[in-house]
**Q** 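My structure is below; once you've seen it, I'll send some questions.
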Amino acid sequence: MTTISIHPVRESAVPQRSKFPLNQWYVAAHSSELADKPVGRKLLGEAVVLFRIGDGTVAALEDRCCHRALPLSAGTVESCGLRCGYHGLLYNHEGKCVEIPGQERIPSKAKVSAYHVQERDGLIWIWFGKPENPEPMCDAPSYSVHSSPEYVYGGDVYHYNAPYQLIHDNLLDLSHLGYVHLHTIGGNAKLHMNAEMKVESEGDFVRVVRYMPDSVPPPTYSAAYPFKGNVDRWQEIEFRVSHLLIWTGAVDQGTDAMDDPQRGGFHMRGFHGVTPESETTCHYFWTMATNPIKDIEEVKRKVLEQTELTFDEDKVVIEAQYQNMIRFGPKSMIDIHVDVGANRARRIIERLMV
Amino acid sequence: MTTISIHPVRESAVPQRSKFPLNQWYVAAHSSELADKPVGRKLLGEAVVLFRIGDGTVAALEDRCCHRALPLSAGTVESCGLRCGYHGLLYNHEGKCVEIPGQERIPSKAKVSAYHVQERDGLIWIWFGKPENPEPMCDAPSYSVHSSPEYVYGGDVYHYNAPYQLIHDNLLDLSHLGYVHLHTIGGNAKLHMNAEMKVESEGDFVRVVRYMPDSVPPPTYSAAYPFKGNVDRWQEIEFRVSHLLIWTGAVDQGTDAMDDPQRGGFHMRGFHGVTPESETTCHYFWTMATNPIKDIEEVKRKVLEQTELTFDEDKVVIEAQYQNMIRFGPKSMIDIHVDVGANRARRIIERLMV
Amino acid sequence: MTTISIHPVRESAVPQRSKFPLNQWYVAAHSSELADKPVGRKLLGEAVVLFRIGDGTVAALEDRCCHRALPLSAGTVESCGLRCGYHGLLYNHEGKCVEIPGQERIPSKAKVSAYHVQERDGLIWIWFGKPENPEPMCDAPSYSVHSSPEYVYGGDVYHYNAPYQLIHDNLLDLSHLGYVHLHTIGGNAKLHMNAEMKVESEGDFVRVVRYMPDSVPPPTYSAAYPFKGNVDRWQEIEFRVSHLLIWTGAVDQGTDAMDDPQRGGFHMRGFHGVTPESETTCHYFWTMATNPIKDIEEVKRKVLEQTELTFDEDKVVIEAQYQNMIRFGPKSMIDIHVDVGANRARRIIERLMV
């Protein structure tokens, strides 16, 4: 066995898992990302290669050939494994090297680490357990919206040059809609800042609910749904450590109850998987589902277009915020009325990292 | 109050003011830069946002919302202050938060630092005092050329990836004109290297004067002024810690005395505000004024175009010089005859930083 | 003499020559690179400027004016030396300043270091000796292929963001051709992985020979030479610390002996100068010579085009490999059958660095 010494700048040599909440399923990819090519992605500080073999099984391995360290994500997917692009070593979905071209004997050390993955409802989840017990303690979360006939959806993955918790903060406090997203899903700023907000939490779970009865529908809503005039509008945000579910929408004023899960009207249901890449960067896997009553493709297209614009705006704000936090160093921040939910989520994360 | 811990790479967390001469007015911006948008700029290691409110008052605040640290320079200017682009907190020109949308009580801690600024003759100056006495000890410098009817002028601000003193060196030694600016304001190289040079200094002030009697006018001069043949040419450089004033020009040979401030001929009067951004980078605020005797706009355009070319050439040289200084590390440099003025300026800066 | 203090990030202030094998000639440039402009290049951690004066002599100096540290490579070549682009100091080919414009006396300290260089067969070689004995112990290597009438050749220099030894590894193990260069010089992957390989070494020299008798010629070969069918193909790799010589080719099956240096058929003779820039980066000077039997320019063009494609592919692989080595930190690597030659070369380098 050869150790080739390398030099400077190690990015994250010693994986520092304890910097993130462990014993959690995190989103590693959208199902749609894994077709015929491997995907290399750093998740919770670990360089992982994701791929789907011939029978549809998804695998996640250490992204490094055990021979000369080429990223396996630069290799090619075959029906029964992933082949390195340098000297052709073939790995199965468990990380075992099953072929070394030109060499009969395969050393027992010819293998790489494998991660637990589960595919559910269009999402690939990866489990990061605590070192003393790396086995999953439960199944990956389901997300029925993705398979519901009522909804159509689309999504994307964004790379953020900012720590994952800044995205939590952003999503748990939708009062920023009035300032950041004025022209899309926001609408009137004062309306948002003055909306009544209810915050509940239990265990590793935070729920923030805001109602804006008898309000003017924002541009995205009006474009997608034939509201008659003012609307009763709701925002329900559920924080679940590795992801958030946000159900926003509106009914014509005075029709359905805003807190009835069977309410009609216009719905936007967002899935937000926020997976740390490192302590200072993260991946943001989002989908947005909506319930068009006609012109399905057209409404879906418009809603996704507006969603993308909105999430682009958030990315600009959050990355600028983080750069400024770096620039000014640790300084205390004042809290205002909208921060209750975000602060509870921060306390949960802090507790889970012990 | 929440302290959100952040991670790596702090750029300049603890402002290290003592790295620069303090108790000085530095140029922060051209007046023309402050219209309806805020300007974010790091000055002497401090991240500052500059803006102009409805009554014309210019303000300079810490560029960081006290709520969640977004740069205030990403916000919007209103008639009576600057509003943060995330949750809408409004700050007045003294840095006091005067509105938190949706919240009645404004905590006393909701404020950011403000800097002393003065606007004079088309320039915005900012005072950086010593920690024990941050109050300005004098008014910001005037610069009458900008308001003189004899002159027309224009200018710009350049960002330099080089320490500010390398610009001082460059401006205090115009002998480089023959090598760096051969095709614009330079002309004959030997002429410059052999010109007689007089260096005077007193207090925090250095003056370098060079005369080139009976010489061929350089391309920029000939293009701008109907010289009859050879000229008597002068260069007067005044170093004043945070800025330099350079008055160059020429008269037809044998007419006005070169050292008479009332001399005629063709004038180029440069203002050079050199404001450190950090110890290794700086802002260079320059204007160039000239005195056309006809075709005013045309001459102004030409002079500014040539000036810009010239200053672009200097930037290339100085940034390459600095990269090479980094590459080679601290090595002694030999001095030659042209370095007298620059070395005096360096001794002044050194004295002022104690 | 002035010491201007500079600040942060020193790239390689103290040259750490002992990090590389010394007492060696390394390639510094192709002869064709030195026409009327100087070339600045960091070699073994030293910033060097190369230039050719009027009589054809090539010189290599420290790339730093002794006055104000501008890179001399930003200056201009004159018939008897190199002139700095800031204040015009002129240096001769030994690094002595021979003119300071406007100043009569030239201080004895006005000089920069010079390096031993030799130009041979289209290559400029530079000697890096051990500190206690910096004089060359031999002449620079000859390379007769470049002046042979049998061959035509071309080449280039690539900058690599990877340590030089990873290129040695790559070149000493041509089994990667089947995976990395399938569409050019590779051809059948299994063929390469199963080819018999002979490795010899002696002193600072490693020789790897592989024969692939009765095999299908790869695309590049077929395009360049009228083979009748299957071929007897050879690969001879010679490792010589600062450069490698690789002679590959093929004859029609069953004609000339594959190990006869007088063999006919189609030849590709590669010169590979691998010169460290720093511990983590290097320069790769390559040429490829071939022996067209007709359509000389057309075959040369095709062979060079294919070679360039091939070397581009290698660069992608090797730089990705190095990034992954940084990412994962020091981890042991398993060896496979193809690594024998490369591992011997690594042991030679290790021995030479003591």
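Residue numbering restarts at 1 for every chain, and letters A, B, ... go by the order of the sequence lines.
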**Q** Would you indicate whether C/Glu132, at its atom CD, is surrounded by more than 12 heavy atoms from other residues, nucleotides or ligands within a distance under 6.0 Å?
**A** yes
**Q** With sequence neighbours excluded, what pairs up with C/Ser113 under the side chain to side chain donor-acceptor pair (under 3.5 Å) test?
**A** C/Glu62
**Q** Where does B/Val316 contact chain C at under 4.5 Å (heavy atoms): side chain, backbone, both or neither?
**A** neither
**Q** If we define contacts as heavy-atom pairs under 4.5 Å, which of C/Ile100, C/Asp63, C/Thr76, C/Leu89 has the most with chain B?
**A** C/Asp63
**Q** Considering non-hydrogen atoms only, spot the tightest contact between B/Ile318 and C/Tyr86 and give its length.
**A** CG1-OH, 4.1 Å
**Q** Do other residues, nucleotides or ligands put more than 12 heavy atoms under 6.0 Å from C/Glu135 CD?
**A** yes
**Q** Can you check whether C/Leu70 reaches B/Asn324 side chain to side chain, under 4.5 Å on heavy atoms?
**A** no
**Q** Out of curiosity, C/Cys65 SG to B/Ile334 CD1, how far, rounded to the nearest 0.5 Å?
**A** 7.0 Å
**Q** Taking the side chain from B/Arg327 and the backbone from C/Arg64, do they hold a donor-acceptor pair closer than 3.5 Å?
**A** no
**Q** Could you tell me whether B/Glu200 atom CD has more than 12 heavy atoms of other residues or ligands within 6.0 Å of it?
**A** yes
**Q** Indicate the atoms forming the closest heavy-atom contact of C/Pro71 with B/Ala320, along with that distance.
**A** CD-O, 3.6 Å
**Q** Please look at B/Asn170 and chain C and tell me whether the side chain, the backbone, both or neither of the residue comes under 4.5 angstrom of a heavy atom of that chain.
**A** both
**Q** Quick one: does B/Gln321's side chain have a donor or acceptor within less than 3.5 Å of a partner on C/Ala69's backbone?
**A** no
**Q** So, the side chain of C/His87 versus the backbone of B/Asp173: is there a donor-acceptor pair under 3.5 Å, distance only?
**A** no
**Q** I want to check something: taking the side chain as every heavy atom from C-beta on, are C/His67 and B/Asp339 in contact at a cut-off of under 4.5 Å?
**A** yes
**Q** C/Arg83 versus chain B, heavy atoms under 4.5 Å apart: side chain, backbone, both or neither?
**A** side chain
**Q** Checking C/Glu99 against chain B: side chain, backbone, both or neither under 4.5 Å from a heavy atom?
**A** side chain
**Q** Salt bridge or not between B/Asp335 and C/Lys109? Use side-chain N to carboxylate O under 4.0 Å.
**A** no
**Q** Which bit of C/Ile106 is near chain B, if near means a heavy-atom gap under 4.5 Å: side chain, backbone, both or neither?
**A** neither
**Q** Is any residue of residues 47-61 of chain C within less than 4.5 Å of chain B by heavy atoms, and which ones?
**A** C/Ala47
